[in-house]
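Structure, as structure tokens:
Since the model is a prediction, treat every value here as computed from it, not as a measurement. Chain identifiers are assigned alphabetically (A, B, ...) following the order of the sequence lines, protein sequences preceding nucleic acid strands; residue numbering begins at 1 within each chain.
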Amino acid sequence: MKKKQIESFEAGYRRLESIVQALDSSQHPLEEMLALYEEGIRISQYCEAELDKAELKVTQLQVLPPDES
Amino acid sequence: MLGQVRLCYNSAMKMFTVEQLNGYIKEALEGSGVFEDLWVAGEISDFKRASAGHIYFTLKDQASSLRCVIWRQQAARLTWAPQPGDLAEAHGSITVYLGGGYYQLRVDQLLHGGLGRLWAQFMAIKERLEAEGLFAEERKRALPAWPRRIGVVTSESGAAWQDILNVLRQRNPLVEVILAHSAVQGDEAPAAIVAALNALNATGLCDVIIVARGGGSPQDLWAFNDEAVVRAVANSPTPVISGVGHDTDFTIIDYAADYRAPTPTAAAVAAVPDLVQISGRLEQLRGMLDEMVTRNLAGWRELVRREQRALAVHNPLRRMQEQRQQVDMLRQRAEASMANYLALQRQRLQVSIQQLRSLDVQHVLERGYALVYKGESQALVTSISQLVPPEAITLRLADGTAQASVTRTEPKEP
């Protein structure tokens, strides 16, 4: 199975939720299940890593004085 | 709304005295708890300072008037000299003066200045915009659950900005914050706030915008009641969270914003999901993942076992084993019946031996019979023809022998 790129923490988190839900809802073919599991583990590791390295990014917008805008 | 007061007529006269009725009214008004701890704005008139130090005046607007009293102790703390015509905001509770038969506001705080006028303006703007439908519930948008970028309109040097940064850093450092600095008080503030909000919206980058300012006096917060600011907030393409002042402060943008937070800190909290919680949920999901796969595998294993059991039934080896078992069983049964048979035979033999034993000579002797031997020999005499008197014989009884002599024989009559 091809490894899909995880777009963002949020996307990963949502995918993880859906994987868990999918696994919970029915008996999957063994290979499919293991693939889902593997993906879930990979995503959870990704999300944890994102959390670990997260640092608030702050930028300031230059606002033109009201009378010039 | 008012407290429950039971009216009781004077029994003799079936009517109230004036004092009674006013007493009931006093009880009802003051006991209700409704007219306590309230602010009222109006213009001061009939201002009198009594010799005892109490101050009496009337607060009025165009349509109505309200008697007020400030007792001496509070009056001494007054930091300004109210003049008739001054706009003022009074704080206190309604009491009923029995002697005069009227109610009055017992004032414990009297604020001077344009506050009364400000309040009127506030109400006017609010009512006008409300009538336009700017604050309608259906205009409010849900805040994004997972904002990536948060726009903030506030002063770069204000405490509010630091509060917001602190909360975001702690709560969700995954987001990006874009500050659009703006003056948040003074005459230039309203236009600056509008410009900052518009600039943030123009970037198209923000998922949600916080408009914030720390606590201050009503005048300090006034820019957030400005009509242009309120309209800009109401019409912002990006959802807006207002976080102006302290918990108890209300500004008009609070009504126009998609979400009103009581403080800048609360606004930041409302803006982003809590990563600590999410991290916990992640851990939980990870656990569920393991658990489900384990369960799933167990399900498969159980299926395989069931098939194995089904297969085993048809296993030829097992068949042979079964047959061998049957042979064993038959053999055991045969052996058992053989043993039974032998035991039975043995029992019968015992009976025969018993019977034989009863035929034993000794037993016969014990019943009184005797054996006869010739002389002292072992030759048993079984017929008198063997005896010729006088013949010596030996008699054997059960408990010994006796020597005897035969004197006469007599054959039995045939």
Side-chain angles (χ1 to χ4, degrees), chain A, chain B residues 145-153 156 161 165-166 168-183 188 190-200 202-203 205-206 273 275-276 278-279 281-297 299-300 303:
Chain A
M1 197 168 144
K2 216 180 85 185
K3 284 197 174 182
K4 274 175 276 177
Q5 198 60 41
I6 308 165
E7 290 168 32
S8 67
F9 178 87
E10 177 200 353
Y13 179 76
R14 288 196 192 286
R15 174 71 186 139
L16 188 57
E17 288 268 15
S18 74
I19 286 174
V20 168
Q21 205 181 0
L23 283 178
D24 195 27
S25 58
S26 58
Q27 183 91 354
H28 290 264
L30 198 61
E31 272 191 32
E32 194 180 307
M33 181 193 75
L34 289 176
L36 280 174
Y37 177 69
E38 200 185 314
E39 189 187 352
I41 292 295
R42 195 158 47 82
I43 290 173
S44 73
Q45 282 166 349
Y46 163 85
C47 285
E48 269 160 31
E50 282 296 292
L51 283 184
D52 287 343
K53 72 181 184 201
E55 199 176 322
L56 193 68
K57 284 190 275 297
V58 182
T59 54
Q60 185 160 355
L61 197 64
Q62 287 307 310
V63 185
L64 294 174
D67 47 343
E68 290 173 32
S69 62
Chain B
W146 290 83
R148 306 242 178 104
R149 288 195 201 81
I150 315 244
V152 180
V153 175
E156 61 187 345
W161 173 232
L165 279 181
N166 286 341
L168 293 180
R169 231 172 239 131
Q170 261 176 35
R171 197 173 152 87
N172 197 321
L174 283 175
V175 297
E176 194 179 327
V177 195
I178 305 176
L179 170 68
H181 164 73
S182 163
E188 74 279 21
I193 294 168
V194 171
L197 186 57
N198 289 342
L200 279 176
T203 64
L205 290 174
C206 302
L275 279 193
V276 174
I278 288 166
S279 171
R281 172 70 181 152
L282 264 179
E283 218 163 286
Q284 192 188 10
L285 283 174
R286 176 75 179 269
M288 284 165 84
L289 207 56
D290 285 340
E291 185 190 316
M292 273 155 200
V293 166
T294 309
R295 207 176 63 203
N296 233 308
L297 279 176
W300 281 115
L303 277 180

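Per-residue heavy-atom pair counts under 4.5 Å with chain B were compared for Ile41(A), Ile19(A), Leu34(A), and the maximum is reached by Ile41(A). Listed options Leu168(B), Leu289(B), Ile278(B), Asn172(B) were ranked by heavy-atom pairs under 4.5 angstrom with chain A; first place goes to Leu289(B). Heavy-atom pairs under 4.5 Å with chain A were tallied for Leu165(B), Val152(B), Asp290(B); the largest tally goes to Asp290(B).
For the atom pair Tyr13(A) OH and Leu275(B) CG, the distance stands at 10.0 Å (nearest 0.5 Å). Between the CH2 atom of Trp300(B) and the CE atom of Met33(A) there is a distance of 8.5 Å, given to the nearest 0.5 Å. In this structure, Leu285(B) CG and Arg15(A) CZ are separated by 12.5 Å, a value rounded to the nearest 0.5 Å. With rounding to the nearest 0.5 Å, the separation of CG in Leu174(B) from CD in Glu10(A) is 10.5 Å. In this structure, OG on Ser279(B) lies 8.0 Å from CG on Asp52(A), to the nearest 0.5 angstrom.
Only the backbone of Glu55(A) comes within less than 4.5 Å of a heavy atom in chain B; its side chain stays farther off. In this structure, no portion of Asn198(B) lies under 4.5 Å from any heavy atom of chain A. Interface remark: Arg148(B) contributes side-chain atoms only to the contact with chain A (heavy atom separation under 4.5 Å). Of the atoms belonging to Glu291(B), not a single heavy atom falls under 4.5 Å from chain A. No part of Ile150(B) comes within reach of chain A, as not one of its non-hydrogen atoms sits under 4.5 angstrom from that chain. Only the side chain of Thr203(B) comes within contact range of chain A, judged by heavy atoms closer than 4.5 Å. The parts of Tyr37(A) that come within reach of chain B are both its backbone and its side chain, each placing non-hydrogen atoms under 4.5 angstrom from that chain. Proximity to chain B involves both the backbone and the side chain of Glu17(A), based on heavy atoms less than 4.5 angstrom apart.
Taking each heavy atom of Glu48(A) and Leu282(B) in turn, the nearest pair found is N-CD1, 4.3 Å. Across all non-hydrogen atoms, the minimal contact from Ala180(B) to Val63(A) is CB-CG2, 3.8 Å. Shortest non-hydrogen contact noted between Leu56(A) and Val175(B) is CD1-O, 3.4 Å.
With a 4.5 Å cut-off on side-chain heavy atoms, Leu30(A) and Asn296(B) do not count as touching. Between Met288(B) and Asp24(A) there is no side-chain heavy-atom pair separated by less than 4.5 Å. Inter-residue side-chain proximity for Arg286(B) and Gln45(A) is flagged as met; some heavy-atom pair is nearer than 4.5 Å.
The 12-atom threshold is not exceeded at CD of Glu283(B), counting heavy atoms of other residues, nucleotides or ligands nearer than 6.0 Å.
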Given side-chain contact (heavy atoms from CB on, under 4.5 Å), test Leu23(A) with Arg295(B) step by step and report yes or no.
CA-CA 10 Å; Leu23(A) 283 178; Arg295(B) 207 176 63 203; over 6 Å; no

